[in-house]
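These notes are about the structure you will find just below.
Atoms within a ligand are numbered from 1 in the order they appear, just like the ligands themselves. Please read these numbers as outputs of a predicted model, since none were measured by experiment.
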Amino acid sequence: MWPDRRLIDLFKTEFPIVLAPMADVMDADLVIAAAQGGALGSLPCAMLSAEKAREQVNIIRQRVLAPINLNFFCHEAVAVDPAREAVWKQRLAPYYREYGQDPAAPIKAANRAPFDGAMCELVEELKPEIVSFHFGLPDAPLLGRVKASGCKVMSSATTVKEAIWLEEHGADVVIAQGAEAGGHRGMFLTDNIAEQPGTFALVPQVVDAVKVPVIAAGGIADGRGIAAAFALGASGVQIGTAYLRCPESKVIAPARSALGQARDDSTVVTNVMTGRPARGVVNRVMREVGPISGDAPAFPHAATGLAPLKAAAEKLGKVDFTNLWAGQAVRLGREMPAGELTRALAGAALARLSQMAR
Ligand SMILES: Cc1cc2nc3c(=O)[nH]c(=O)nc-3n(C[C@H](O)[C@H](O)[C@H](O)COP(=O)(O)O)c2cc1C
C-alpha cells in the first residue's frame, strides 16, 4: 500500500507516479504508454502550436481512458536584443565556419512561447484533468480560467519560498524540483543556481511549508528513489530522465546513445543551450562555451543561434549542439517500454516500502 494516497485520490491514477513532461523529446506515444502503465501522463506543450497540441490530445484520448496533464511554460517573454544576438553569433562564429553555415542567414526563432490566451482557450476546450506549469504560474486572469475549466493546477518549486508562493497563488499541487533534475530549472523567484537545494533536502522542507500535496522530482529513477520520496513526506513522484530511453520517446539515436553512456557525473547545469539554466549531459558547446556563459542571450533566444549548428551536426550523427537534457540519475534509466517501466517502478517502490516497514 502507498503510505500517502492524496495524489492517487486527486488524479485518479493507479500509481502516484507522474511521467514528467519533456518538451522536444516526447509526444502522445510516451504519454499513452505511461498512462497505460498506471502513471499520470504529461504532454509537454511549450514547443507546440495550439493545433498540434489539440491533435496530440485527441490521439491520447482515442487510445487510453486516463487523466491527462497538459504542461506549459510561463516565463516572462523577453524581446530579442540585437546587441546580445550579435555577441552570441560572434561567440559561435568558429562553429558556423566549421559547419559551413552563413551566420547572416535568417533563422526561424526559437519556439518556446509562454502560456497565453490562445493556449488558455485550448485548455478551456479540452478540459484536461490537470495542467502543470514550469517557471511559476500564469497571471491571475489566465489561471482563473484554467481553474474554472475544472483543471487541477501544479507547478514546480525549486525552493521553499517558491513552494509557498505557488500555494498562495492557487497551485493545487507543488512539484518540489531538486537540483538533480534533468531539464530546465523551474526557478522563478531566484536566478542563483548555486543556491538550488537537492531533492533530499528540498522535499521535507517543502512538505513542512505547504498544505497541498507535494510531488518529489529530481534524481528519482527506481523503486529506492520513489520509496525515499515517500519517506521524506512526498505524496508522489515526477520522473523524467528514467523514461528517456523508452522506445516510445522521441530521443534521436545519437542522443539515445549519449544517454546510454552517461554516468553519475556526466550532467551539468548550463545556460548556453537556451539562455536559462537547465541540466543535461555535457556536449561540445556546453564544454567549450559554457557550461555558464554571460554571452548567451535570454531564454529562449540562445537556442536560435544554435539551431543551424544543431541541424548541421545532427545530419552527421553528432549531438554537439543538441539538448541532452537529463538528470543526475541518468545511469539508472532503462531501455524498456514505458508501460512496463511504470509498473516495474511502482512494484519496486511498493516492495521497498513494505521491506522498510518490517
Ligand atoms: C529531457 C527533459 C525535458 C524536460 N522538459 C520539461 C518541460 O517541457 N516542462 C517541464 O515542466 N519540465 C520539464 N523537464 C523537467 C521535469 O519536469 C522534471 O523536473 C525532471 O525530469 C525530474 O528530474 P529527473 O529528470 O531526474 O527525473 C524536463 C526534463 C527532462 C529530462
Side-chain angles (χ1 to χ4, degrees), residues 17-27 30-31 34 39-48 53 69-75 111-115 130-137 153-158 162 166 171 173-188 196 198-200 202-203 215-222 225-226 228-229 234 236-246 249-252 255-256 258-259 262 264 266-267 269-270 273-274 276-281 299-300 319 322-334 341 345:
I17 297 176
V18 181
L19 159 70
M22 295 186 282
D24 212 22
V25 293
M26 61 169 284
D27 63 9
L30 192 62
V31 176
L40 173 66
S42 307
L43 182 73
C45 299
M47 295 175 77
L48 301 183
N69 170 33
L70 295 192
N71 170 259
F72 302 93
F73 287 174
C74 53
H75 56 286
N111 58 344
R112 292 170 178 88
F115 187 70
I130 296 121
V131 171
S132 73
F133 295 102
H134 214 42
F135 314 132
L137 287 170
V153 169
M154 22 187 227
S155 182
S156 303
T158 65
E162 288 178 348
L166 290 175
V173 175
V174 167
I175 304 160
Q177 189 200 33
E180 300 91 319
H184 285 101
R185 307 290 313 137
M187 57 210 287
F188 61 95
Q196 294 274 282
T199 307
F200 223 89
L202 180 65
V203 170
I215 292 178
I220 302 169
D222 64 14
I226 299 172
V237 294
Q238 176 159 295
I239 298 179
T241 300
Y243 281 99
L244 283 172
R245 291 167 65 216
C246 294
S249 87
K250 295 292 174 281
V251 176
I252 59 170
R256 212 172 262 276
L259 292 172
D264 59 322
S266 299
T267 71
V269 173
T270 184
M273 304 306 297
T274 65
R276 254 190 120 101
R279 182 177 292 283
V281 173
F299 180 85
V319 287
T322 301
N323 295 338
L324 300 172
W325 297 152
Q328 289 179 335
V330 57
R331 181 122 197 220
L332 297 175
R334 282 181 287 171
L341 175 62
L345 288 169

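Of all atoms in ligand 1, listed by their number and element, those nearer than 4.0 Å to a heavy atom of Ile239 are 27 (O). Shown in contact with His134 at under 4.0 Å from a heavy atom are these atoms of ligand 1, numbered in order with element: 10 (C), 11 (O), 12 (N).
Each of Val31, Val18, Leu70 was compared with Ser42 under the side chain to side chain contact (heavy atoms under 4.5 Å, CB included) criterion, and only Val18 meets it.
Contact check for Arg245 versus Val251: no side-chain heavy atoms found under the 4.5 Å cut-off. Using a 4.5 Å cut-off on side-chain heavy atoms (C-beta onward), Val25 and Tyr243 make no contact.
When Gly183, Pro44, Gly240, Pro21 are checked for heavy-atom proximity to atom 5 (N) of ligand 1, Pro21 turns out nearest. For atom 23 (O) of ligand 1, the nearest non-hydrogen atom from the set Gly218, Ser42, Gly327 belongs to Gly218.
Considering every non-hydrogen atom in both Val319 and Ala255, the closest pair reads CG1-N, 3.7 Å. Of all heavy-atom pairs spanning Gly218 and Thr199, the tightest one is O-OG1, 2.8 Å. Heavy atoms only, all atoms of each residue included: Ile215 and Val237 are closest at CG2-C, 3.4 Å.
Residues that satisfy the side chain to side chain contact (heavy atoms under 4.5 Å, CB included) test with Phe135, not counting sequence neighbours, are Phe73, His75, His184, Arg276, Phe299. Residues passing the side chain to side chain contact (heavy atoms under 4.5 Å, CB included) test with Asp27 are Asp29, Gln56, Lys250, sequence neighbours excluded.
Among the atoms of Gly219, some N or O lies under 3.5 angstrom from an N or O of ligand 1. An N or O contact shorter than 3.5 Å links Gln177 to ligand 1 by distance. Between Trp325 and ligand 1, a contact under 3.5 Å exists for no N or O pair. Considering both main-chain and side-chain atoms, Gly182 comes within under 3.5 Å of ligand 1 through a nitrogen or oxygen pair. Residue contacts with ligand 1: Gln328 is placed with no nitrogen or oxygen under 3.5 Å of a nitrogen or oxygen of the ligand (distance criterion only).
Contacts between Met22 and ligand 1, counted as non-hydrogen atom pairs separated by less than 4.0 Å, involve both the backbone and the side chain. At a 4.0 Å heavy-atom cut-off, ligand 1 touches Phe73 through the side chain alone. The parts of Thr241 lying near ligand 1 are both backbone and side chain, judged by heavy-atom distances below 4.0 Å.
Residues Arg331 and Ser266 have side chains that never bring a donor and an acceptor to within less than 3.5 angstrom of each other.
The protein heavy atom nearest to atom 16 (C) of ligand 1 is Ala20 CB, 3.7 Å. Looking from atom 18 (C) of ligand 1 to the surrounding protein, the closest heavy atom is Gln238 NE2, 3.9 Å. Considering only non-hydrogen protein atoms, atom 9 (N) of ligand 1 sits nearest to Asn71 OD1, 2.8 Å.
Here CZ of Arg279 is found 9.5 Å from OG1 of Thr241. Values are rounded to the nearest 0.5 Å.
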